[in-house]
There are 2 protein chains.
Amino acid sequence: MAHTLDDLAALTGVSRATVSRVINGGPVADETREKVLAALEETNYRPNVAARSLASGRTGVMGVVMHVDAGLTFSDFYFSQLLTGISDQLSEQSLGMMLWLGERNAASTVDQIVGMRMLDGVIVTADTKNDPVVDGLRAADIPLVLVGHRKEDSDASYVDIDNIAAADVATSHLLALGRTRIGHITGRLGSVSADDRVIGYQQAMQRAGLPTEGLLVEGDYTPEGGHKATQELIAAGADAIFASSDYTARGALRALMEAGLSVPDDVALMGFDDLEFAAELDPPLTTIRQNIYQIGHEAARSLVDLIEDPDMSPRRILQPTELVVRQSTAGEIPAYSRKGSGA
Amino acid sequence: MAHTLDDLAALTGVSRATVSRVINGGPVADETREKVLAALEETNYRPNVAARSLASGRTGVMGVVMHVDAGLTFSDFYFSQLLTGISDQLSEQSLGMMLWLGERNAASTVDQIVGMRMLDGVIVTADTKNDPVVDGLRAADIPLVLVGHRKEDSDASYVDIDNIAAADVATSHLLALGRTRIGHITGRLGSVSADDRVIGYQQAMQRAGLPTEGLLVEGDYTPEGGHKATQELIAAGADAIFASSDYTARGALRALMEAGLSVPDDVALMGFDDLEFAAELDPPLTTIRQNIYQIGHEAARSLVDLIEDPDMSPRRILQPTELVVRQSTAGEIPAYSRKGSGA
DNA sequence: TTGTAAGCGTTATCAC
DNA sequence: GTGATAACGCTTACAA
């Protein structure tokens with residue numbers, strides 16, 4: 001089972017170095033290569049990662065660090081989608097993946113990750129401002145790709161969406177429907193995505209010459225937060241609500257129902273993410289779709305490229321977002337156009 | 001930054017072996033130990049995992065293999081809870097964790113995991129019958145703890161719940177309320193948990209001398225499956241429904257509402273898991289609570305113990321489950337007893 | 001094209 | 001208690 005290079009060498013009658021060359025693609029005679037390949041296949045040989053790492057400095061294992069705020073349902077979804085995207089891409093190249101979750105002691109997290117030298121590169125979520133883990137990782141000299149990015153990360157490699165533009169599109173959609181008292185329920189304060197969506201919302205409102213006083217309410221990406229914020233917005237006389245996530249919108253919808261308001265007739269409502277349940281709400285929820293899976297996919301690809309060419313200039317990718325119009329803003333929609341068009 | 005044992009030896013004036021002894025707890029003079037410890041601290045030394053692994057055969061990294069059926073919302077929750085439980089426990093002992101997700105090519109999964117010899121042990125979910133990954137891992141000689149277990153795994157180390165007993169408790173609860181036409185919506189066919197819950201349901205019904213013909217309907221752990229199955233159960237004249245998961249119950253609730261049936265007056269409804277939203281449904285959902293986080297926690301603990309003592313006899317843990325009675329079966333409940341009692 | 005041999009950074013087995 | 005020294009399994013010059 002646990003064959004070594006020496007076993008294979010003995011078996012095939014060549015030297016250990018030659019076997020290694022066959023595996024790693026060095027110059028080998030065709031005949032020799034074939035013979036070795038056959039033995040490799042037959043013995044089901046797998047290189048010992050530790051030994052390889054010691055000798056070459058490469059392990060074939062990537063790290064993924066995610067700050068999941070425990071209890072945030074939002075994270076559950078984002079987390080699993082992102083991870084699947086990363087994992088699919090890595091396993092396609094038979095690369096391993098090591099995972100860190102949660103908000104652990106920042107110093108020791110970075111220490112562990114960088115210190116054990118077991119990782120060829122790291123993907124880390126960078127949405128929280130003043131994040132010591134991201135700072136520490138960036139300071140350490142290890143190939144790194146961010147998912148999301150803070151202002152200070154604009155010189156790093158990252159995969160993100162344009163939150164400002166997306167929020168502008170969302171708000172503009174509500175404006176185009178003739179709404180004027182458009183409220184915005186923000187995401188978790190201190191997160192880049194939440195703050196940027198506020199900026200996008202404000203810039204659209206400003207362009208339309210509309211005030212936002214009393215229409216900007218803090219949320220936290222949860223239905224409960226959305227419920228509470230919506231009660232404030234109802235009192236403020238909102239005729240439309242742009243919620244910073246579909247989860248938030250779900251809570252908002254409940255609050256609107258309880259207040260006896262009709263959606264979208266009295267208040268138009270939209271969310272962000274296009275989570276699974278968005279289309280199944282009553283009424284179906286207009287939202288901004290972002291492809292989280294794809295973000296993970298791209299992040300993994302970038303990381304691999306970065307490792308192969310460490311001198312590569314930073315790669316900054318903005319994944320597209322898409323307005324998906326459903327009945328919660330547009331009212332009845334003919335069946336043939338009920339879904340947003342594909343990206 | 002990247003100090004080696006030799007650096008430290010030179011720095012402190014002792015031999016490399018002594019530094020290693022300080023780190024790993026060998027016999028060292030107090031004075032020497034202190035001196036070395038100080039240098040260790042100052043240089044922020046971290047051992048090279050690959051080198052350590054090569055020399056000792058230990059890496060301090062555990063593998064976690066999860067078969068997440070893509071698209072199953074059920075999995076998202078189960079998955080993240082379980083993972084957090086495992087991860088918390090491991091990181092407490094400063095052990096690393098490597099993750100495999102999804103249904104990849106079974107042979108290559110096992111090959112990779114076992115072949116690269118980078119893992120001290122593995123935790124794998126064993127709920128699907130005829131699972132080649134679990135079979136392969138069990139056949140490979142690596143410390144292994146299962147989460148869930150199939151019949152053939154009764155000689156392995158595992159952490160599970162007693163699905164039969166839990167389903168019996170659930171069904172008995174409905175029986176105690178005087179219901180006689182109790183339907184059961186199963187989980188995904190071919191999964192141990194789903195099948196065992198069917199057994200528990202049937203044994204309770206049989207004990208009560210009640211028939212189950214037409215009352216056992218296949219589901220898949222999704223709300224949609226629950227919705228569809230419920231329509232069948234309504235047609236079959238069910239006066240109570242035990243759904244195999246809270247997600248399923250959510251779909252069932254919708255179907256009951258649509259049929260103009262009142263819950264619990266016309267049909268009593270209960271789920272399984274006690275997911276976050278269960279208490280927030282209207283009416284709040286009676287369910288069987290299982291502590292998935294704790295299951296992960298225990299699995300990690302067992303694995304560590306197993307690695308420390310490979311001759312340990314298999315450890316089989318059944319985590320308790322708990323009936324949580326809410327209005328969906330019991331109707332109005334005085335506020336002071338609205339929640340199930342703690343375990 | 002192939003083989004020899006020198007590391008990579010630890011742990012562990014000896015002596016002293 | 002401590003220090004040499006031989007593994008561990010691989011990659012990679014350097015020679016042949």
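Per chain, numbering begins at 1; letters A, B, ... match sequence-line order.
Side-chain to base pairing of A:Arg21 with C:dG3: one donor and one acceptor N or O lie within less than 3.5 Å of each other.
Among C:dT10, C:dA12, D:dG9, the nucleotide with an atom closest to any side-chain atom of B:Arg16 is C:dT10. Between D:dG9, D:dG3, C:dG3, one nucleotide has an atom nearer to the side chain of A:Ala55 than all others, and that is D:dG9.
Between B:Met118 atom CE and D:dG9 atom C1' the separation is 14 Å, expressed in whole Å. The interatomic distance linking B:Glu34 (CD) with D:dG1 (C1') rounds to 16 Å, in whole Å.
B:Pro47 comes within 4.0 angstrom of the backbone, heavy atoms only, and of no base. Using a 4.0 Å heavy-atom distance criterion, B:Val49 is classed as making no nucleic acid contact. Using a 4.0 Å heavy-atom distance criterion, B:Ala29 is classed as a sugar-phosphate-only contact.
A:Leu5 is listed as a side-chain neighbour of A:Ile23, based on a closest heavy-atom distance under 4.5 Å.
At C:dT11, none of the side-chain N or O atoms of B:Ser56 fall inside 4.0 Å of OP1 or OP2 (strictly under the cut-off). Taking 4.0 angstrom as the limit, B:Ser20 places a side-chain polar atom (N or O) nearer than this to OP1 or OP2 of C:dT11. The side chain of B:Asn24 contributes an N or O atom lying less than 4.0 Å from OP1 or OP2 of C:dT11. One finds a side-chain N or O of A:Thr32 lying less than 4.0 angstrom from the OP1 or OP2 phosphate oxygen of C:dT2.
The side chain to side chain contact (heavy atoms under 4.5 Å, CB included) test with A:Leu318 singles out one residue from A:Ile161, A:Val159, A:Asp162, and that residue is A:Asp162.
Using a cutoff of 4.0 Å between basic side-chain nitrogens and carboxylate oxygens, B:Arg150 and B:Asp153 are scored as salt-bridged.
If you check the side chains of B:Thr18 and B:Ser15, you find a donor sitting under 3.5 Å from an acceptor.
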